[in-house]
A.B. asks: 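Can you keep this structure in mind? I'll have questions shortly.
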Amino acid sequence: MAHIVTLTLNPAIDVATSVPEVTPEHKLRCGSVRRDPGGGGINVARVVRELGGESIAVYTRGGATGLMLEELLEEKGLLRRSIPVEGSTRESFTVAEGASAREYRFILPGPVLSELEWQRCLSAVGEVATGAAFIVASGSLPQGVPDDFYARVARLAKRLGVRVVVDTSGTPLSAALEEGVFLAKPNRRELRELTGRKAEDLATQAEAARELVARGRAEVLAVSMGADGALLTTRDAQLRASPPPVETHSSVGAGDSFVAGLTLALARGQSHEEALRWGIASGTAALLSQGTDLCGRADVERLFTQVKAEPLARTP
């Protein structure tokens, strides 16, 4: 099976801890701390490896936090290509409140990238993506990077003959879809923004997704719907799958896990129906993990047997 290349321009060290209760002004004594390498594409690469696939992570790193990121990735055993940048790699942290079971997530700003730095990222992707099954471009863009960066990745992928998956939001997402991608994963809000439709119910959402695919914006559109599962649309069919009920410990990385499971299944030549089930199983399994940990293979394989993907009947 060909490898999967992931691209993360704005990676992070994800820190997770807990407190009994979040209160203002007082010092909050935290519980044990967990640190993981994070950011969209890095999370996807971690899950692909966990599920037995081969991935190469391309990402930026800078400063003391960038060195820590390297150490954490080395511990995970990921194949990787890092691009040194002048600014420091960002951190994000998640705090679980014991009293309410709520989860608070704080995302710090990342570095400002120069044109030379983000151009080096494109070049690195081109070097490692020859013969790849997919390029997964995922996550937010740091300051200094043009909004059409993921569209440039899509153009590069077409020259290489590699399918590209984009998971981002806002203008970078719409620019990538204007270029045309193999697969995109908007959520319901992003679907409304892309189509200008209110898309408040499933039928309208399905119609909006079909419109984007018919216009050539994506060959496959996977609309994530949180606890309601996901809707997968191609030119020929629409499939809906819902997650099995589980006890949620942390939602960190659930969307990235979904992308990883879905993409890896497609790389393995499985059907859209099976790929959607693997995506839902992977995203759901991530909810079982503590803090900034991601899904475990045993949980994914167990949940896969519980996920059903059913064709969505088109309303007249």
Side-chain angles (χ1 to χ4, degrees), residues 4-16 35-48 55-73 76 78 80-94 105-126 128-129 135-154 156-157 164-176 181 184-187 190 251-260 292 294:
I4 294 170
V5 174
T6 72
L7 175 60
T8 316
L9 261 68
N10 207 7
I13 295 172
D14 288 335
V15 183
R35 290 180 175 86
D36 286 293
I42 285 177
N43 287 342
V44 171
R46 285 173 57 192
V47 173
V48 166
S55 63
I56 301 176
V58 177
Y59 56 94
T60 61
R61 55 131 176 119
T65 45
L67 293 176
M68 184 182 293
L69 179 67
E70 288 288 283
E71 293 174 2
L72 292 170
L73 287 167
K76 298 293 184 184
L78 282 187
R80 60 196 192 274
R81 171 77 68 86
S82 65
I83 311 302
V85 298
E86 186 174 343
S88 294
T89 298
R90 65 180 174 150
E91 294 177 279
S92 64
F93 55 99
T94 301
R105 300 174 66 178
F106 302 87
I107 311 299
L108 300 181
V112 179
L113 265 58
S114 68
E115 180 175 354
L116 179 60
E117 289 169 342
W118 61 257
Q119 289 282 10
R120 283 176 176 163
C121 294
L122 272 179
S123 298
V125 170
V128 301
I135 297 170
V136 180
S138 179
S140 61
L141 294 179
Q143 295 181 65
V145 179
D147 285 340
D148 70 343
F149 181 82
Y150 286 145
R152 296 173 190 240
V153 174
L156 172 63
V164 68
V165 177
V166 173
D167 182 16
T168 189
S169 60
T171 305
L173 174 60
S174 60
V181 300
K185 188 198 74 69
N187 58 29
E190 290 157 356
S251 61
V252 174
D256 299 324
S257 297
F258 171 85
V259 171
T292 51
L294 299 174

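Both backbone and side-chain heavy atoms feed into the values below; hydrogens, waters and symmetry mates do not.
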A.B. asks: Quick check for you: to the nearest 0.5 Å, what is the distance between Glu91 atom CD and Asp14 atom CG?
C.D. replies: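 Output value for this atom pair is 10.0 Å.
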A.B. asks: Do Arg46 side-chain atoms and Pro37 backbone N/O form a donor-acceptor pair below 3.5 Å?
C.D. replies: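 Checked: pair present.
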A.B. asks: Determine, step by step, whether Leu78 and Tyr59 satisfy the side chain to side chain contact (heavy atoms under 4.5 Å, CB included) criterion, reporting the C-alpha distance in whole Å, the side-chain angles of both residues, the deciding distance to 0.1 Å, and the verdict.
C.D. replies: CA-CA 12 Å; Leu78 282 187; Tyr59 56 94; over 6 Å; no
A.B. asks: Roughly how far, to the nearest 0.5 Å, is CG of Asp148 from OG of Ser174?
C.D. replies: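 That separation rounds to 10.5 Å.
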A.B. asks: I'd like to know if the side chain of Thr94 and the backbone of Ala16 have a donor-acceptor N/O pair within less than 3.5 Å.
C.D. replies: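 No.
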A.B. asks: Which atom names give the shortest non-hydrogen contact between Ile13 and Thr65, and what distance separates them?
C.D. replies: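 Ile13 and Thr65 have their closest heavy atoms at CD1-O, 3.2 Å.
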A.B. asks: Does Ser92 reach the main-chain N or O of Leu108 with its side chain, forming a donor-acceptor pair under 3.5 Å?
C.D. replies: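 Absent.
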A.B. asks: Measure from the side-chain N and O atoms of Glu117 to the backbone N and O of Glu86, and report whether any donor-acceptor pair falls under 3.5 Å.
C.D. replies: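 Yes.
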A.B. asks: Write down the atom of Arg90, the atom of Pro11, and the distance for their closest heavy-atom approach.
C.D. replies: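 Taking Arg90 first and Pro11 second, the nearest heavy atoms are CG-O, 3.1 Å.
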A.B. asks: Which atom names give the shortest non-hydrogen contact between Ser169 and Glu190, and what distance separates them?
C.D. replies: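 What the structure gives for the nearest pair is CB-OE2, 3.0 Å.
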A.B. asks: So do Asn10 and Leu141 actually touch side chain to side chain, heavy atoms under 4.5 Å?
C.D. replies: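 In short, these two side chains do not touch, never coming nearer than 4.5 Å.
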A.B. asks: Answer yes or no: is there a side-chain heavy-atom contact under 4.5 Å between Trp118 and Ile83?
C.D. replies: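 They are not in side-chain contact.
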A.B. asks: Roughly how far apart are Leu113 CG and Gln119 CD, rounded to 0.5 Å?
C.D. replies: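 Between atom CG of Leu113 and atom CD of Gln119 there are 11.0 Å.
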A.B. asks: Which atom pair, heavy atoms only, marks the closest approach of Asn43 to Gly38?
C.D. replies: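 Smallest interatomic distance, heavy atoms only, reads OD1-CA, 3.5 Å.
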A.B. asks: Please confirm whether the backbone N or O of Ile56 pairs with a side-chain atom of Arg81, one donor and one acceptor, at under 3.5 Å?
C.D. replies: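 No, because the side chain of Arg81 does not come within donor-acceptor range (under 3.5 Å) of the backbone of Ile56.
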A.B. asks: Report the distance from atom CG of Leu7 to atom CD1 of Ile42, rounding to the nearest 0.5 Å.
C.D. replies: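 Going from CG on Leu7 over to CD1 on Ile42, the span is 10.0 Å.
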A.B. asks: Of all heavy-atom pairs between Ala175 and Ala151, which one has the smallest distance, and what is that distance?
C.D. replies: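 Taking every non-hydrogen atom into account, O-CB, 3.5 Å.
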A.B. asks: For the OG atom of Ser88 and the CG atom of Leu69, what is their distance to the nearest 0.5 Å?
C.D. replies: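 So the gap between those two atoms works out to 12.0 Å.
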A.B. asks: Between the side chains of Asp36 and Lys76, is the shortest nitrogen-to-carboxylate-oxygen separation below 4.0 Å, so that they form an ion pair?
C.D. replies: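 Between Asp36 and Lys76 there is a salt bridge, with a charged N closer than 4.0 Å to a carboxylate O.
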A.B. asks: Between Val136 and Asp167, does the side chain to side chain contact (heavy atoms under 4.5 Å, CB included) criterion hold? Intermediate values first, please.
C.D. replies: CA-CA 8 Å; Val136 180; Asp167 182 16; 5.7 Å; no
A.B. asks: Go through it in stages, so that I can follow the logic: the residues are Cys121 and Thr60, the test is side chain to side chain contact (heavy atoms under 4.5 Å, CB included), and I'd like the CA-CA distance, side-chain angles, deciding distance and then a yes or no.
C.D. replies: CA-CA 8 Å; Cys121 294; Thr60 61; 3.6 Å; yes
A.B. asks: Measure from the side-chain N and O atoms of Thr168 to the backbone N and O of Gly139, and report whether any donor-acceptor pair falls under 3.5 Å.
C.D. replies: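 Yes; judged by distance alone, with no hydrogens or angles, the pair exists.
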A.B. asks: Please walk me through it: do Leu294 and Asp256 pass side chain to side chain contact (heavy atoms under 4.5 Å, CB included)?
C.D. replies: CA-CA 9 Å; Leu294 299 174; Asp256 299 324; 5.8 Å; no
A.B. asks: CZ/Arg35 to CZ/Phe93 distance, rounded to the nearest 0.5 angstrom?
C.D. replies: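 These two atoms lie 11.5 Å from each other.
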A.B. asks: Which pair of non-hydrogen atoms, one from Pro111 and one from Pro142, has the smallest distance, and what is that distance?
C.D. replies: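 The pair with the smallest heavy-atom distance is O-CB, 3.3 Å.
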